[in-house]
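The basis for the numbers below is simple: all heavy atoms, side chains too, and nothing from hydrogens, waters or symmetry mates. Convention: sequence-line order gives letters A, B, ...; per-chain numbering from 1.
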Protein chains: 2
Amino acid sequence: MDQRFQNLLATAQDKCDGNGLRLTQKRKQVLNILIEASSPLSAYEIKDLYAKQHNENIKPMTIYRALEFLVEANLVHKLNLNNKYIGCARAKCCEHHGYSQFLICVRCGNVEETNVDPVIYEHLVQQAQAYQCEIVMPHLEVACICVRCK
Amino acid sequence: MDQRFQNLLATAQDKCDGNGLRLTQKRKQVLNILIEASSPLSAYEIKDLYAKQHNENIKPMTIYRALEFLVEANLVHKLNLNNKYIGCARAKCCEHHGYSQFLICVRCGNVEETNVDPVIYEHLVQQAQAYQCEIVMPHLEVACICVRCK
DNA sequence: CACGCATTGTTACAGTATAACATAACACAA
DNA sequence: TTGTGTTATGTTATACTGTAACAATGCGTG
Ligand SMILES: [Zn+2]
Ligand SMILES: [Zn+2]
Ligand SMILES: [Zn+2]
Ligand SMILES: [Zn+2]
């Protein structure tokens, strides 16, 4: 396996250990698949890759459980725009995961994860206040066309 | 039927006529259900309501086709956050439908549709440029907790 | 009317996600 | 260590969401 993947996994392990979360084997295997893919995968694409890599069938329920944990731990994000899951691009650099913004290419599916611009965040909060809403915002998804697809 | 719904439907009809789009009976019936609901519905919730209102079973395919048309015509929006559809809150007031922003309550599902703040839009465009991405952005979805659910 | 095109009908199926209950692994205290 | 409660995993079944493919119908235009 690529050294970079090893580092990401090790960092993820540390993050979980430090927060009392259990990054079990199944969860780590699912995370590994997403990190290696480096582009979003559907739950059933993960299922198929798992079956190939481990030469062992795995049930959807198991995948969804692992994903639920990983999303909760901010190691993986669920993209609603295309209904896929992606390994966090910032697992290595950010101890405290803030609000993310995803530029999602509607043609090739490539994704760039960045921080939500503070100016944008402030404007969103203000607008929400006009409706007396409190922003929860796990993240922001922006549809775009990437440089390779133009 | 409520007078306001009548007006919304009439406006929708005018918009379609003016753009060479055919707002057929089935499409209008689906739009009507969404307008009356005033909160997001899943495709199969629409199916059930249709069956009740018209005392007639309707196939999913038919619903999805109507929704595809209505979304294309900007009379209905698809919310990716909760995988539901909502009648456009601005069908009456806006001839040219710009970028929308939705404040979606993660507790009760209530939705507020507004315009995307120009400042936010400009920042998004600039950030996208850093990745040489071109923003497509049909809309922005922001998870929040509404005033009634706090 | 005849033709082309858009819409709708119909069947079958693919893809996504969760409920419910059983079993196994683990943490921790007696 | 052994019991005990908790968390994780296994297993089966089922609900929910969405589309492919082809047939039939309607509609506007020459
Ligand atoms: Zn992240
Ligand atoms: Zn692309
Ligand atoms: Zn709208
Ligand atoms: Zn609410």
Side-chain angles (χ1 to χ4, degrees), chain A residues 12-13 16-34 37 40-52 54-73 75-86 106 109 141, chain B residues 12-13 16-34 37 40-51 54-73 75-86 106 109 138 141:
Chain A
Q13 185 74 68
C16 287
D17 290 347
N19 292 324
L21 303 173
R22 290 160 61 180
L23 186 58
T24 61
Q25 195 190 27
K26 278 266 146 60
R27 291 165 175 171
K28 199 188 287 195
Q29 286 167 338
V30 169
L31 176 58
N32 185 40
I33 286 173
L34 281 167
L41 298 175
S42 77
Y44 280 74
E45 285 169 345
I46 296 171
K47 178 180 185 296
D48 293 342
L49 284 172
Y50 186 98
K52 263 187 206 161
H54 302 278
N55 222 9
E56 174 200 347
N57 201 16
I58 184 172
K59 302 229 158 57
M61 192 70 255
T62 309
I63 301 285
Y64 282 108
R65 279 171 178 160
L67 287 173
E68 185 186 14
F69 171 88
L70 294 168
V71 167
E72 189 66 28
L75 297 170
V76 165
H77 302 294
K78 173 169 187 182
L79 302 176
N80 298 306
L81 192 63
N82 50 13
N83 213 23
K84 289 173 188 285
Y85 301 83
I86 188 169
V106 293
E141 300 182 20
Chain B
Q13 185 75 67
C16 287
D17 291 345
N19 292 324
L21 303 173
R22 289 162 61 183
L23 187 58
T24 61
Q25 196 191 27
K26 278 266 146 59
R27 290 165 176 171
K28 200 188 289 195
Q29 286 167 338
V30 169
L31 176 58
N32 185 39
I33 287 173
L34 281 168
L41 298 175
S42 77
Y44 280 72
E45 285 170 343
I46 296 172
K47 178 181 184 296
D48 292 342
L49 285 172
Y50 187 99
H54 302 279
N55 222 9
E56 175 200 348
N57 201 16
I58 184 173
K59 302 230 157 56
M61 192 72 255
T62 309
I63 301 286
Y64 282 107
R65 279 169 177 161
L67 287 173
E68 184 186 14
F69 171 88
L70 294 168
V71 167
E72 188 67 27
L75 297 170
V76 165
H77 303 293
K78 172 170 188 182
L79 302 177
N80 298 306
L81 192 63
N82 50 11
N83 211 25
K84 288 173 188 285
Y85 301 83
I86 188 170
V106 293
E141 300 181 20

Quick check: do [X] and [Y] have side-chain heavy atoms less than 4.5 Å from each other?
X     : Y     : answer
A:V76 : A:F69 : no
B:Y44 : B:K47 : yes
B:L34 : B:I86 : no
A:K28 : A:Q13 : yes

| said: From the set D:dA20, D:dT11, D:dG18, return the single nucleotide nearest to any side-chain atom of B:N83. | reply: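 Between D:dA20, D:dT11, D:dG18, the one nearest the side chain of B:N83 would be D:dG18.
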| said: Closest-nucleotide mapping onto DNA chain C: is A:R22 or B:Q25 further toward the 5' terminus? I mean the 5' end. | reply: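 First, find each residue's nearest nucleotide; the 5'-ward one identifies B:Q25.
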| Mapping A:S42 and B:L21 onto DNA chain C by nearest heavy atom, which one lands closer to the 5' end? |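 Going by which nucleotide is closer to the 5' end, it is B:L21.
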| message | Can you confirm whether more than 12 heavy atoms, excluding those of B:N55, are under 6.0 Å from its CG atom? | response |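 12 or below, so no.
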| Reckon B:K78 touches a base, only the sugar-phosphate, or nothing at all at heavy-atom distances under 4.0 Å? |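 It contacts sugar-phosphate atoms only.
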| Base, sugar-phosphate, or nothing for A:K26, non-hydrogen atoms under 4.0 angstrom? |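 The residue A:K26 makes sugar-phosphate contact but no base contact.
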| Interface limits on DNA chain C, where chain A has a heavy atom under 4.0 Å of a nucleotide atom |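 On DNA chain C, the outermost contacted nucleotides are C:dT16 to C:dC26.
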| With a 3.5 Å cut-off and just heavy-atom distances, do the side chain of A:R65 and the base of D:dG10 make a donor-acceptor pair? |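 Flag set: donor-acceptor pair detected.
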So, the side chain of [X] versus the backbone of [Y]: is there a donor-acceptor pair under 3.5 Å, distance only?
X      : Y     : answer
A:E45  : A:S42 : yes
B:E141 : B:L81 : yes
B:R27  : B:R22 : yes

| query | Once you build an axis from the first five pairs and another from the last five of the helix from C:dC1-D:dG30 to C:dA30-D:dT1, how far apart in angle are they, to 10 degrees? | reply |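 The two end axes of the helix from C:dC1-D:dG30 to C:dA30-D:dT1 meet at 20°.
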| Residue met sooner reading DNA chain D from 5', once A:P60 and A:F69 are mapped to nucleotides |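 Closest to the 5' end, via its nearest nucleotide, is A:F69.
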Atom-pair distance ([atom1] on [X]; [atom2] on [N]), nearest Å:
X     : N      : atom1 : atom2 : answer
A:N57 : D:dT12 : CG    : P     : 11 Å
A:L67 : D:dT9  : CG    : C1'   : 15 Å
B:Y64 : D:dT17 : OH    : P     : 7 Å
B:K84 : D:dC16 : NZ    : P     : 11 Å
B:K59 : D:dC22 : NZ    : P     : 19 Å
B:N82 : D:dC16 : CG    : P     : 16 Å
B:Y44 : D:dT19 : OH    : P     : 10 Å
B:I58 : D:dG18 : CD1   : P     : 15 Å

| query | At what distance, to the nearest 0.5 angstrom, does CG of A:L70 lie from NZ of A:K78? | reply |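 Here the rounded value is 14.0 Å.
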| Can you tell me how far CG of A:L41 sits from CD1 of A:I33, rounded to the nearest 0.5 angstrom? |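 Answer rounded to 0.5 Å: 8.0 Å.
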